[in-house]
Amino acid sequence: MLNTRSILVTGSNRGIGLEFIRQLSEKSNRPEWIFATCRDPEGPRAQELRNLAAKHQGIEIIQLEVNDPSSILAAAAKVTEHLQGAGLNLLINNAGILRPSTLESETPEVMTEVYKNNVIGPMMVTQAFLPLLRKASQESPQKGMSCSKAAIVNMSSEGGSIANLLIWHVGHFINYRCSKAALNMLTRCQALELAEDEILCIALHPGWVQTDMGGSVGQAPMTVDASVQAILNTLGHLSEKDNGTFVNWEGTVVPW
Ligand code: NDP
């Protein structure tokens, strides 16, 4: 079972990210610190998140724009302060974007924008939070690897699977597919590099989920509630044998 002391989610003001915060804050063994990050904590798009934080103790809303290095560093400094010497157990790189496109309509500008959000952003966020993840791993009495000890979860997509190309018939989304394939490679590299620190790294496909993004491309079959419930269950079961793999919401391996 997932039993973390601290967790941080990017893009947590709506969709899958918001649902993570909701379900985590309602768990009986809920984390002591839930860092809900979003790019505009005071704006109208964070209203639901603010309501949630008003209802539950321990949800810290922190500004984090994954495209902005200074925002990421400021967020890491704030989280470090809150943790008062403790480490961060679980980082969920959830924020992401998709822009409708085909091979012929794709532009360098859109491709760059999506890479910045979906690949470079998670890379920078992980760099900034690495000292806290290492600390969590070092201070944990647990042997081996787990999401309760120290882990990075990169929210990927089966749409970026070179073998499966999920829902190609629905849309080509070149920028998105390429960005998630790159995020998968980043995950593999992180897993190899951080194994010695016993920080578990996985790429995770949440399913085709009824969110703004999931709904924008067609009739998504899965509710956000069901997806996040399954993901939290899966995260509770991952160990070192899963390090550097690409799994779906149920923990089933997805081919690269
Ligand atoms: P949504 O579009 O519903 O939500 C995206 C979230 O990411 C929002 O909170 C948004 O914030 C945030 N975000 C986007 N760009 C940035 C940025 N530059 N900095 C900070 N936050 C940002 O998406 P989902 O909840 O559906 O998706 C979550 C993750 O799951 C994504 O990585 C997505 O690729 C992945 N995924 C989703 C699938 C689905 O079917 N829904 C399928 C496969 C993967 P804001 O409100 O400020 O825009």
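All residue numbers in this chain count up from 1 along the given sequence. We count ligands from 1, going down the list as the structure has it; atoms in each ligand are counted the same way.
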Atom pair [atom1] ([X]) and [atom2] ([Y]), whose distance is rounded to the nearest 0.5 Å:
X      : Y      : atom1 : atom2 : result
Leu73  : Asp68  : CG    : CG    : 9.0 Å
Asn89  : Thr4   : CG    : OG1   : 5.5 Å
Arg177 : Trp168 : CZ    : CH2   : 6.0 Å
Ile16  : Ser227 : CD1   : OG    : 5.0 Å
Arg39  : Ser12  : CZ    : OG    : 12.0 Å

Please determine, by modelled atom types, if [X] and [Y] share a side-chain donor-acceptor pair under 3.5 angstrom.
X      : Y      : value
Asn67  : Glu113 : no
Ser137 : Glu198 : no
Thr10  : Asn94  : no
Asn118 : Ser179 : yes
Asn184 : Ser156 : yes
Gln47  : Asn51  : yes

In terms of residue, atom name and distance, what is the protein heavy atom nearest to [atom]?
atom                    : answer
atom 25 (O) of ligand 1 : Ile16 N, 2.8 Å
atom 19 (N) of ligand 1 : Val66 N, 3.0 Å
atom 23 (O) of ligand 1 : Met213 CB, 3.6 Å
atom 5 (C) of ligand 1  : Gly96 O, 3.8 Å
atom 6 (C) of ligand 1  : Gly11 O, 3.9 Å
atom 10 (C) of ligand 1 : Arg14 NH2, 3.7 Å
atom 14 (C) of ligand 1 : Arg39 NH2, 3.4 Å
atom 41 (N) of ligand 1 : Thr211 OG1, 3.1 Å

Any nitrogen or oxygen of [X], side chain or backbone, less than 3.5 Å from one on ligand 1?
X      : result
Asn13  : yes
Val209 : yes
Ser157 : no
Ile97  : no
Arg45  : yes
Gly15  : no
His205 : no
Pro206 : no

Inset, instruction - Could you tell me how the ring of Trp249 sits relative to the ring of His205: parallel (under 30°), tilted (30 to 60°) or perpendicular (over 60°)? - result: perpendicular
Inset, instruction - Taking atom NZ of Lys78 as the centre, report whether more than 12 heavy atoms of other residues, nucleotides or ligands fall under 6.0 Å from it. - result: yes
Legend entry - Residue Lys55 excluded, over 12 heavy atoms near NZ under 6.0 Å: no
Legend entry - Flag side-chain contact, heavy atom, 4.5 Å: Ser101 against Tyr176: no
Options [options], ranked by nearest heavy atom to [atom], top entry:
atom                    : options                      : answer
atom 22 (C) of ligand 1 : Gly160, Ala95, Pro44, Gly207 : Ala95
atom 18 (N) of ligand 1 : Ile92, Asn117, Asp40         : Asn117
atom 32 (O) of ligand 1 : Leu49, Asp212, Asn94, Leu183 : Asn94

Legend entry - Proximity flag Ser156 to ligand 1, non-hydrogen atoms under 4.0 Å: yes
Inset, instruction - Determine whether any heavy atom of Lys180 lies closer than 4.0 Å to an atom of ligand 1. - result: yes
Inset, instruction - May I ask you to identify, for Leu64, whether its side chain, its backbone, both or neither come under 4.0 Å of ligand 1 on a heavy-atom basis? - result: backbone
Inset, instruction - Report the part of Gln210 (side chain from C-beta onward, or backbone N, CA, C, O) that has a heavy atom under 4.0 Å from ligand 1; answer both or neither where that applies. - result: neither
Inset, instruction - Could you check Leu2 against Ser148 for side-chain contact (heavy atoms from CB on, under 4.5 Å), going step by step and ending with a plain yes or no? - result: CA-CA 6 Å; Leu2 187 63; Ser148 303; 4.0 Å; yes
Numbered atoms and elements of ligand 1 in range of [X], under 4.0 angstrom, heavy atoms:
X      : result
Gly214 : 39 (C), 40 (O), 41 (N)
Trp208 : 40 (O)
Glu65  : 17 (C), 18 (N), 19 (N)
Asn67  : 18 (N)
Met155 : 32 (O)
Tyr176 : 33 (C), 34 (O), 35 (C), 36 (N), 43 (C), 44 (C)

Inset, instruction - Considering non-hydrogen atoms only, spot the tightest contact between Gly15 and Thr211 and give its length. - result: CA-CG2, 3.8 Å
